[in-house]
Amino acid sequence: SVVKSFARPPRVCVIAHTHRPYLSLDFANGESIFVDAGAWTEGRSDFVVITNREIAVCRYKRAAWPMPKPSLSSAS
């Protein structure tokens, strides 16, 4: 848990789908918050929740979903 107070409301920049969840409270000389919400990857899902008082990058660990095997038969 990280807590930081701002003198005025910060700007929030949200990026997603880079597969690298990240949170920076010192973005743009400490006046903005940078959030990388990550993405759906094998075995986990990352997402961001933003309210008027809090920001959280959440990680949901799940079982990896097996990819279907390609069919080698021809449809002719």
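For reference, positions follow the sequence shown, starting with 1.
- For S32, the side chain to side chain donor-acceptor pair (under 3.5 Å) test picks out R11, with sequence neighbours left out.
- Rounded to the nearest 0.5 Å, atoms CG (D26) and CD1 (I33) are 9.5 Å apart.
- Residues I15 and F34 approach most closely at CG1-CE1, 3.6 Å, considering heavy atoms.
- Using a 4.5 Å heavy-atom threshold, the side chains of I55 and V12 count as touching.
- By the salt bridge (Lys or Arg N to Asp or Glu O under 4.0 Å) test, R53 pairs with no residue at all, sequence neighbours left out.
- When side chains are defined from C-beta on, I50 counts as touching V14, because their heavy atoms get closer than 4.5 Å.
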